[in-house]
J.: 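First the structure, then my questions, so here it is.
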Amino acid sequence: MRLSRYFLPVLKENPAEAQIVSHRLMLRAGMIKQQAAGIYSWLPLGYRVLRRIEEIVHEEQIRAGHIPLLMPTLQPADLWRESGRYDDYGQEMLRIRDRHERDLLYGPTNEEMITDIFRAHVESYRQLPLTLYHIQWKFRDEVRPRFGVMRGREFLMKDGYNFDIDRDSALHAYNRHMVSYLRTYERMGLTAIPMRAASGPIGGDDTHEFLVLAATGESEGFYDDRVTRLKLGDRQIDYDDRAQVKAVCEEFTSLYARTDETHDEAAFAAVPEEHRKAGRGIEVGQIFYFGTKYSEPMGAMVVNERGERVPVHMGSHGIGVSRLVGAIIEASHDEKGIIWPEGVTPFHCGIVNLRQGDGAADAACEALHAGLVARGLAPLYDDRDERAGAKFATMDLIGLPWRITVGPRGLAEGRVELTSRRTGESEAMSPEAAVDRIAQIYADR
RNA sequence: CGGAGUGUAGCGCAGCCUGGUAGCGCACUUGCUUCGGGAGCAAGGGGCCGGAGGUUCGAAUCCUCUCACUCCGACCA
């Protein structure tokens, strides 16, 4: 992509309304535009990151054997009257009436609807286990939206629902989600700690929240800091292997890690003092096992092997997709701007032409651009007629992890410069070597 | 929902107290010079001063009402 033909409205100054760093940087980098309290347009750069995060979530859900579908944003109120939540949910639920005076609502979550789909089409235990999920916009009419996309009213969320014949099978689904979530966050360059949490209005006995540590987080957690060093890495996981999946969960949950709601001072005191940490975190996901809470009242039953009609065991699991964009920035930035992890970066690298209009520099940049595209990569070439400083400042702000700098001085010796946004370190090399290096960096992502 | 604020050019702000031709910086347009970390000079363009009512010869400024947004607290992916 050539920057001169792109739409990247960056701001030099901080917008007054943005208090926290991710919100400021998203506005300055031209990623979002606010349209109303807690409601945002995603401008091209922000949209690319959002899509990238969505892709990773999809890939890891599918890898775990979960099946994507898509449910609507608007739901009939009757479905929610059935579960009893239409009245319980309160002011947070946006209620709408159509031209025929029928009550609708903009979905804040989808337990009722997925249960409706399930009961219409599944009759037998032979069709289980089943996990369905979608990534769809939600609306919760928060009293006080804030922090940009981290606490919007409209937000994009992956929500998944498992249906199992019994508790053991449902708990395996729970564990499977935990492992798939750990891998999802790791691919985004995040350390997200699963913490035992309180269940809240969705209900159920088992639940973990995934917290990305950040001073601006809204949740409080207490943990053994050795948990932050655990890595899933590239180990192979067989998601059908209950014992293996359970072992991974135990590895990641045996150290103390709880939110303030379930915090237990006595248990925490057993953690060696040098590892005892309390801190704030951004909740980027949560998993629940809630048994037959929805299946029973809504009649989601299957026939078991003894011919009896039994309610299915369910769980639900969410990842805050749009919130993750903010969370990643909170976890990865410096005073100059964003630093995207390679896994979610909107463009794989930037190309900065120091002397636009110089024949050799222009040609070298074009060749680099073409070379990277030929390798299946997406470079952003700053071909504007701007001075070097302005181009560097823009690149640093929007946070592409790698930058190739091209100028007449270096080109005279056949060299360009490859710079890491994270470390600031530069290395001179031939243009071909730079393309090879970038391709290699992204080879397994 | 309680408390505190703010609405003036795309962004950041001044002007309001004490009514009298709407201003500054950045951004934008044109030209010249410059060109390895947000350049300089010159000339331009852009405003229903959030909205509605009122007071006044005259309102960005005073009064009333209203809408929107932000921040602090209690609640939530």
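Lettering follows sequence order; numbering is per chain, from 1. Keep in mind it's a predicted model, so treat the numbers as computed, not measured.
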J.: According to side-chain hydrogen bond (donor to acceptor under 3.5 Å, both in side chains), who are the partners of A:Arg51, at least two apart in sequence or on a separate chain?
T.: A:Tyr47
J.: Figure out the CD/C1' separation between A:Glu209 and B:rC76, and round it to whole Å.
T.: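 Going from A:Glu209 (CD) to B:rC76 (C1'), I get 10 Å.
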J.: In whole angstrom, give me the gap between the P atoms of B:rG58 and B:rG20.
T.: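 Straight-line distance between the two P atoms is 15 Å.
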J.: Figure out the CG/P separation between A:Leu354 and B:rG38, and round it to whole Å.
T.: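 From A:Leu354 CG to B:rG38 P: 12 Å.
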J.: In whole angstrom, give me the gap between the P atoms of B:rA74 and B:rG37.
T.: 48 Å
J.: Expressed as a whole number of Å, how far does the P atom of B:rU64 sit from that of B:rU18?
T.: 15 Å
J.: Taking the ring centre of each residue, are A:Tyr181 and A:Phe252 less than 6.0 Å apart?
T.: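 Not under 6.0 Å, so no.
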J.: In whole Å, measure the gap between the C1' atoms of B:rG5 and B:rG31 for me.
T.: 45 Å
J.: For residues A:Tyr133 and A:His66, establish whether the separation of their ring centroids is below 6.0 Å.
T.: no
J.: With rounding to whole Å, what would you report as the distance between B:rC57 and B:rC48 at their P atoms?
T.: 28 Å
J.: Assess, by modelled atom type and distance only, whether the side chains of A:Ser83 and A:Glu112 contain a donor and an acceptor separated by less than 3.5 Å.
T.: yes
J.: Measuring from the side chain of A:Arg403 (C-beta onward, heavy atoms only), which nucleotide among B:rG37, B:rC35, B:rC75 has the closest atom?
T.: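 Of the candidates, B:rG37 comes closest.
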J.: Base, sugar-phosphate alone, or nothing: which one does A:Asn14 contact when heavy atoms must sit under 4.0 Å apart?
T.: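 A:Asn14: backbone/sugar contact only, no base atoms under 4.0 Å.
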J.: Using a heavy-atom cut-off of under 4.0 Å over every strand shown, decide if A:Arg355 touches base, sugar-phosphate, or nothing.
T.: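 Result for A:Arg355 = sugar-phosphate.
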J.: Which protein N or O atoms sit under 3.5 Å from an N or O of nucleotides 69-73 of chain B?
T.:
residue, atom, partner, partner atom, Å
B:rC69, OP1, A:Ala37, N, 2.9
B:rC69, O3', A:Gln34, NE2, 3.1
B:rU70, OP1, A:Gln34, NE2, 3.0
B:rU70, O3', A:Glu17, O, 3.4
B:rC72, OP2, A:Arg144, NH2, 2.2
B:rG73, N7, A:Arg144, NH1, 3.3

J.: Name the nucleic acid region contacted by A:Ala393, choosing base, sugar-phosphate or nothing; use a 4.0 angstrom heavy-atom cut-off, strictly under.
T.: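 Base, at least one base heavy atom under 4.0 Å.
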J.: Both distances below 3.5 Å, Watson-Crick or wobble geometry, any strand: find the nucleotide opposite B:rC62.
T.: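 Base partner found: B:rG54.
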J.: Using atom C1' of each nucleotide, how far apart are B:rA68 and B:rU8 to the nearest Å?
T.: 15 Å
J.: Say you pick atom C1' in B:rG45 and the same atom in B:rA9; how far apart are they, in whole Å?
T.: 11 Å
J.: Look at the side chain of A:Arg28 and the base of B:rG38, then say whether one donor and one acceptor between them are separated by less than 3.5 Å.
T.: yes
J.: Report the residues that fulfil side-chain hydrogen bond (donor to acceptor under 3.5 Å, both in side chains) with A:Ser295, sequence neighbours left out, ordered by chain and then residue number.
T.: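 A:Ser295 satisfies side-chain hydrogen bond (donor to acceptor under 3.5 Å, both in side chains) with no residue once adjacent residues are dropped.
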J.: Using both distances under 3.5 Å as the test, list the Watson-Crick or G-U wobble partner of B:rU70, or none.
T.: B:rA4
J.: Rounded to whole Å, please give me the gap between NZ in A:Lys391 and C1' in B:rA39.
T.: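 To the nearest whole Å, that distance equals 15 Å.
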J.: If we take the P atom in both B:rU61 and B:rG50, what is their distance in whole Å?
T.: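 Their P atoms lie roughly 8 Å apart.
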J.: Under 4.0 Å between any heavy atoms, over every strand shown, what does A:Gly407 touch: base, sugar-phosphate, or nothing? Just pick one.
T.: base
J.: What integer distance in Å separates A:Leu11:CG from B:rC13:C1'?
T.: 15 Å
J.: Write down the distance between CG (A:Asn353) and P (B:rG37), rounded to a whole number of angstrom.
T.: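 Whole-Å distance recorded here is 15 Å.
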J.: Does B:rC32 have a Watson-Crick or wobble partner in any strand here, with both distances under 3.5 angstrom, and which is it?
T.: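 Checking every strand shown, B:rC32 finds its partner in B:rG40, with both distances under 3.5 Å.
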J.: B:rC24 pairs with which nucleotide, Watson-Crick or G-U wobble, both distances below 3.5 Å?
T.: B:rG12
J.: Look up atom SG in A:Cys249 and atom CZ in A:Arg176, then write down how far apart they are to the nearest 0.5 Å.
T.: 11.0 Å
J.: For RNA chain B, whose closest nucleotide is more 5', that of A:Gly152 or that of A:Gln91?
T.: A:Gln91
J.: Just checking A:Gly326: base, sugar-phosphate only, or nothing, at a heavy-atom cut-off of under 4.0 Å?
T.: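 Contact class for A:Gly326: none.
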J.: Taking only the side-chain heavy atoms of A:Lys336 (C-beta and beyond), determine which of B:rG37, B:rC76, B:rC35 contains the nearest atom.
T.: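 For A:Lys336, the side-chain atoms sit closest to B:rG37.
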J.: Could you walk me through whether A:Leu190 and A:Phe210 satisfy the side-chain contact (heavy atoms from CB on, under 4.5 Å) test, starting with their C-alpha distance in whole Å, then the side-chain angles of each, then the deciding distance to 0.1 Å, before giving a yes or no?
T.: CA-CA 11 Å; A:Leu190 290 172; A:Phe210 291 78; over 6 Å; no
J.: So that I know where these two stand, are A:Tyr289 and A:Tyr174 an aromatic pair - ring centroids less than 6.0 Å apart?
T.: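 Ring centroids of A:Tyr289 and A:Tyr174 are no less than 6.0 Å from each other.
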J.: Answer yes or no on whether A:Arg48 is positioned over the face of A:Phe347, meaning its NZ or CZ is under 6.0 Å from the six-membered ring centre and within 45° of the axis.
T.: yes
J.: Salt bridge or not for A:Arg355 and A:Asp362, using N-O below 4.0 Å?
T.: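 Judged by the 4.0 Å cut-off on N to carboxylate O distance, A:Arg355 and A:Asp362 do not form a salt bridge.
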J.: Anything under 3.5 Å between a protein N or O and an N or O of nucleotides 29-33 of chain B, put it in a table, one pair a line.
T.:
none

J.: Polar-atom pairs under 3.5 Å, protein N or O versus N or O of nucleotides 25-28 of chain B: list them with distances, or write none.
T.:
residue, atom, partner, partner atom, Å
B:rG25, N2, A:Glu13, OE1, 2.8
B:rA27, OP1, A:Lys12, NZ, 3.4

J.: Any salt bridge between A:Glu111 and A:Arg85, counting N to O under 4.0 Å?
T.: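 Judged by the 4.0 Å cut-off on N to carboxylate O distance, A:Glu111 and A:Arg85 do form a salt bridge.
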J.: Mind checking A:Ser322 for me? I need base, sugar-phosphate or nothing, with any heavy atom below 4.0 Å counting as a touch.
T.: nothing
J.: Strictly below 4.0 Å, N to O, side chains only: are A:Arg81 and A:Asp78 in salt-bridge contact?
T.: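 A salt bridge is present here (some side-chain N lies under 4.0 Å from a carboxylate O).
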J.: Pairs in or reaching into residues 7-17 of chain A: which pass side chain to side chain donor-acceptor pair (under 3.5 Å), with residues at least two apart or in two chains?
T.: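 For residues 7-17 of chain A: none.
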J.: Would you call A:Glu342 and A:Arg421 a salt bridge, taking side-chain N to carboxylate O under 4.0 Å as the test?
T.: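 Answer for the salt bridge query: no.
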